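Here is the structure we will look at.
Each ligand, and each atom within it, is numbered from 1 in the order the structure gives. Bear in mind that the values here come from a model prediction, so they are computed numbers and not experimental data.
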Amino acid sequence: MHHPQIQRALRSLSIPLERLHVMKGHMIQDMCKGLSRQTHAQAKVRMLPTYICSTPNGTEKGNFLVVELCQTQVRTLLVTLYGDGNLSPQMMYKIYELPEGITRGEGEALFNFIAQCVTQFLSETTSPDTDSEQCLPLGFVFPFSCRQTQLNKAELLSWSKGFNCSGVVGKDVVEMLQTAIDKHAGPDKEGEASGGGGWFKSRKSSQSAPSPSRHVEVVALMNDTVGTMMTCSMEGRACEVAMVAGERWALHVCGGAAGGAVLVLSPITPADKGSNCCFMAEAYLVETTEETSGRMCVNTEWGCFGDDGTLKDLVTPFDQAVDEESSNPGEKRFEKMVGTLYLGEIVRHVLIALTAEKAMFTGTDAAVLKEKGVFTMQHLLDIVNNDDSITEVKRILEALGLQPSERDCGRMQQICRAVMGRAATFHATGLAAILSYMCQTRNLESLMVNVGVEGELFAGYSRFEEIVMSVSRLLAPECMATILASRDGSGRGAAMVTAVALRLAAQRRAVNEVLGPLRLSRDDLVKVQTLMRQEMDRGLGKETNASASVRMLPTYVTHTPDGTEKGDFLALDLGGTNFRVLVVRIAEAGITMASEIYVIPVGVMQGSGEELFDHIIDCIIDFQTKQNLVAQMLPLGFTFSFPCQQVGLDKALLLTWTKGFSATGCVGQDVVQLLREAAKRKRHLGMQVVALVNDTVGTMMACGYDDPKCEIGLIVGTGTNACYMEEMKNVGTVEGDQGRMCINMEWGAFGDNGCLDHLFTHFDLVVDETTINPGKQRFEKLISGMYLGEIVRQILVVMTEKELLFQGKPCPKLQTKDIFKTKFLSTIELNGLALRQIRTILNELELDATFEDCVLMREVCQTVSLRAAQLCAAGLAAVVEKMRESRGVDQLSVTVGVDGTLYKLHPCFSNNLQMTLKDLAPKCNVTFMLSEDGSGKGAALVAAVADRAAKAKE
Ligand code: 0WK
Ligand code: BGC
C-alpha cells in the first residue's frame, strides 16, 4: 500500500485545513469583486444578479409553465399550485429530444423548436373547454451565463457545454423565446416536436389544466441553482442558499412489478454536470443592479473560481491534463476539480500517471485508460459507496478490460475516495465562503440557514453531505447550515420563481395603487411652489393678508447679526421637542452658552395658560438658581415657536396654537405679557423680556452670527416653518419701505384655505381628523415630525387590510395612535440597515414581519419622507426665487439656517430636500447651515439688538 507514488498522488488530492481557509478567503474576495460595480467586469466569479428578491410564502397559486433547455433535450412542465403553502403542487411534464445539430445552428431555429415544444405540450396537456385564464406565465430555465437586467430580460454572455448557436450572444434570450412562442401561438403552426420521455401526472386534482390557445408569457428566466433554492423553499422553510453539485436527478416513472408505475430518482438530463451556487445577498451590495433595499438572489457562477491562478498550487498534474483535454482549457478551473463531468477523468489521469510509474496495473494491458470518459460518475459512485468490498472495484475494472490485482483494487478505491473527497471538500469550502459572507454582510454573530442541494454528487456520494457539513463547520464555525435535498430542482423551482414573480408583480401593482397618491411629480411640485408664492404675496399684501393661508408675519428683526452684539442674556426656547432655558454670553471672542432642558408635560401643554407660563417661570427660577444668576437681572430673549402677530420685538399676540399645544386663555394674548404676569404671580423679579422671536428667526440669527449670507431660517422638526429677510417695500402690512425685515412665514398653515386639497390623500385626511387642530396646519401635517409617523401608520393599516403586509394578519397594535414614531422612519430608512433591525422595530410593535414586509416597510417610509422633503423644497424654492426677484439679481446665493429633529436625524431628508430645491430653483445657490446651538442663541442675539436699542432710547 505504501507505494511512494501512490502516497504522493493521494497527498496532492488531500488539502490541509489552513490551505482551505486561504481558499475560502480567496473565494470571498472574488465574490466581492464580482458584486462591485468597479471590478465586476474583470471578476472570475461573476456574481450575476437574478432579480429574484423574494422566496415563496405559500400563498402562490395557479398554473405555471416551465421550459428547461438541457444538454440534449427540452423539458416542458406544467405545475399547478394551490396556495396551500405549496404542500401539494400538481406537476405534468414532457421531454423533447433536441434535433441533431440544432445546438450549433441558427439561434432562431433553436428558439422555434423550443416554442414548438411548448405549443405541442399545451395542446396535449390542455383541453379547449377547460379553462378561461387569459395568460399562462412561463418560467425559462436557461443554464448559460447571462447578464440579467430584469427577471424577464437577460442577454446571453457566452454559450458553453457544447452549445454555440449563431445570432444569440448579446441578445435578450427571453425576447427571442417570446417572439418564437407568439409566432407559434395557436394549434399546429409548424412540424410536430417529437416527445421523448413518457407522460407523468403527479396527482389527481380538482383544478383542470389550462386551454391550449392561450397567450403564453415568459415571466422569468433563471439559472438552475435558483430553481433548486426555490424548490427547497416550497414547504414553508425559507431556503436562502442553493448548490448544484453535478447532474440533477428527478422522480421518474418506470415499469414496476406487476405492471404498476413506480417512482425512481434518476438523472434528468445527461452531461449537465457542472457545479454552481446561488444565495440571497443584501441587495445594496449587488452594485451591478439599482436595487438597494432587501435581498437579491445572486448566481455566483463559481465554476470559474481560480481562473486567475489563485488555485495554482492546488492544481495537480492530473487536473492539468483534464483541463488540456477539455473544450475550454484554462477556464472553469474550480468546476474542473469538483464537477461530475470531470471527476472520472481526474481518476483516469491519476491511473495513467501511476501506471506509467509502474505503481499500478504493472504488467497488464491498461490501454483502456487512454480512452476519454472511460470512468463514469456511476463507476466512481459504485466504488466509493462500497466501503470495504473490493469485489465491486474488481468487477468494474475488469468490466472495463483492466486486470487489476487485489492491491490495484484497494489503491483504486483510495484514489476514487481522494478525488470525490476533494470535490466534496471544495464544495464545502465554497459553501463556507458564502455562509461567512452572508453572516458578515448581515452583521450577524452567527448565521442559521437552509441550503438546498441538488445533483448526483450530493444524491449519489454517501459521504458528500457529511464532508460538506463537517468541513464547512470547520471553515465557518459561526454558521449553522441545514442541508435540504431538492427533489426535481429546476422544474418545480422554476414554477415557483414564476409564481413568486407574479405574486410580487401583483403586489407591486397593489402597492403602487396605495402609495401612488403620495408620489409627487415635478409638475405637482412646481404647482406647490407657484401656490406658495401666491400665498406669500397675498400674506404680504395689506388687503389680502387676513385671508392668506401663509400669514407672512413681520418680526421686527430688520437685520441679521453684524458681530457688534454684546452682553449676557437669558434665553428661553419653547415649542420644539424640548423646552430649554439658556444663559448666553455674547462677547468679542464669540458666544458662550449654558443651558438646561426642561420637560413640558402634555397636561401643561394642553392645560391653562396660567399653568403653562407658571411652569415656564419655575424652570427659569430653577435654572437661575443652578447657574447662580438669581441676583442678576438679565435681558431675556424668548424663542416662542408658534404663530404670533408681533407688534414689536417684545410684544406678540398669539394667533393660534400648533403642534401639541392648546393651553387655554392664550390665543389673542400678548405672550410676553403672559410671561411677565406669571413672573409676578411667582414673585420672580429676576428677568426682563426684551425680545420674542419665532424659532425660525432664532435659528436664522444664530447661523447669521457665523455666516452673514444666512438670511433664511428653516425648521423641520415637530412642526415646520420658515422665515427670510424680505424687502420692506414688499411688506404691505408694516409702514416703511426702506431696508429689510425678517418675515415669519408660518407656512405650516399653507393650504388651510383648501389650495392644497388636491394633494391630500386618504391617509393625510385621517391623520388630520385625529389631531387637536383638524383642518389647520395642512402643509405642516404633510411634512413635519409630529405627523409623518402617523401617516405611515395609516398606510400600514390599509396595507394590512389589503393583505399586502403581515400576510393580512390583523395587527391590533397598529390601531394605536402615535404608536409608530417618526423616529422609526429615520431608523428604517438608514442605508445598509439590516432588515433584521427593521424586524426588531416591528416586533416591538407586535408586528410579526416577514422579510418582504420589512422591504415594503422601508418603501412606505421612504415614500412618506420623500414627499415631505419635496414639499419642503417646493416651499423654499418659492422663497429663494422671490428673494432673487425682489433683489433683481439673476443668480442668488443665500444660506439657510436650519434646525429640527427631522431635518437633522433623518438619513435622507436633507439630501432629498436639497436635490429637489436645486431642480426647482436652479438660479439660486442655496447653502444649508445646521444650527448647532439652537434658536436660543438667536433669541439672545435679537435681545442684544433690542436691549441696545432700548438703552439708546433711555
Ligand atoms: C431646535 C431649536 C428650537 C426649535 C426646534 C425644532 O432650538 O427653537 O423649535 O429645534 O425642532 P424640534 O425640536 O421640533 O424637532
Ligand atoms: C409653528 C411655527 C414654528 C414651527 C416650527 C409651527 O407649528 O406654527 O411657529 O416655527 O412649528 O417649530
Can you confirm whether more than 12 heavy atoms, excluding those of Lys680, are under 6.0 Å from its NZ atom? no
Could you tell me whether Phe642 and ligand 2 have an N or O pair separated by under 3.5 Å? yes
Can you list the residues that meet the side-chain contact (heavy atoms from CB on, under 4.5 Å) rule with Asp919, with sequence neighbours excluded? Arg522
Using a plain distance cutoff, I'd like to know if Asn744 has any nitrogen or oxygen under 3.5 Å from a nitrogen or oxygen of ligand 2. no
Heavy atom of Pro643, distance to ligand 2 below 4.0 Å: yes
What orientation do Phe824 and Phe820 show, parallel under 30°, tilted 30 to 60°, or perpendicular over 60°? perpendicular
Go through ligand 2 atom by atom and flag the ones less than 4.0 Å from a non-hydrogen atom of Thr658. 1 (C), 6 (C), 7 (O), 8 (O)
Note: ligand 2 atoms sitting under 4.0 Å from heavy atoms of Ser641 are 1 (C), 2 (C), 3 (C), 9 (O), 12 (O)
Do Gln624 and His684 have side-chain N/O donor and acceptor atoms under 3.5 Å apart? yes
State whether the number of non-hydrogen atoms from other residues, nucleotides or ligands found under 6.0 Å of Lys817 atom NZ is greater than 12. yes
Give the numbers and elements of all ligand 2 atoms closer than 4.0 Å to a heavy atom of Gly719. 5 (C), 11 (O)
Please compare Thr696, Asp695, Thr720 and report which has the shortest non-hydrogen distance to atom 3 (C) of ligand 2. Asp695
Taking only non-hydrogen atoms of Asn694 and a 4.0 Å limit, the atoms of ligand 2 in range are 2 (C), 3 (C), 9 (O), 10 (O)
Over 60° means perpendicular and under 30° means parallel, so classify the ring planes of Phe928 and Tyr903, tilted if in between. parallel
For Lys904, is the NZ atom crowded, meaning more than 12 foreign heavy atoms sit under 6.0 Å from it? yes
Taking atom 6 (C) of ligand 2 as the reference point, the nearest protein heavy atom with its distance: Glu780 OE2, 3.0 Å
Distance under 4.0 Å to a non-hydrogen atom of Ile715: what atoms of ligand 2 satisfy this? 5 (C), 12 (O)
Salt bridge flag under 4.0 Å for residues Arg551 and Glu746: no
Answer yes when Glu726 and Arg740 have at least one side-chain N-carboxylate O distance shorter than 4.0 Å, and no when they do not. no
How about Trp747 and Tyr724: are their ring centroids closer than 6.0 Å? no
Of Arg551, Glu746, Gln777, the one whose closest heavy atom lies nearest atom 2 (C) of ligand 2 is Glu746
Protein residues near ligand 1, heavy-atom distance below 4.0 Å? Asp573, Gly576, Thr577, Thr639, Ser641, Asp695, Ile715, Gly717, Thr718, Asp899, Gly900, Thr901, Gly934, Ser935
Does atom NZ of Lys821 have more than 12 heavy-atom neighbours from other groups under 6.0 Å away? yes
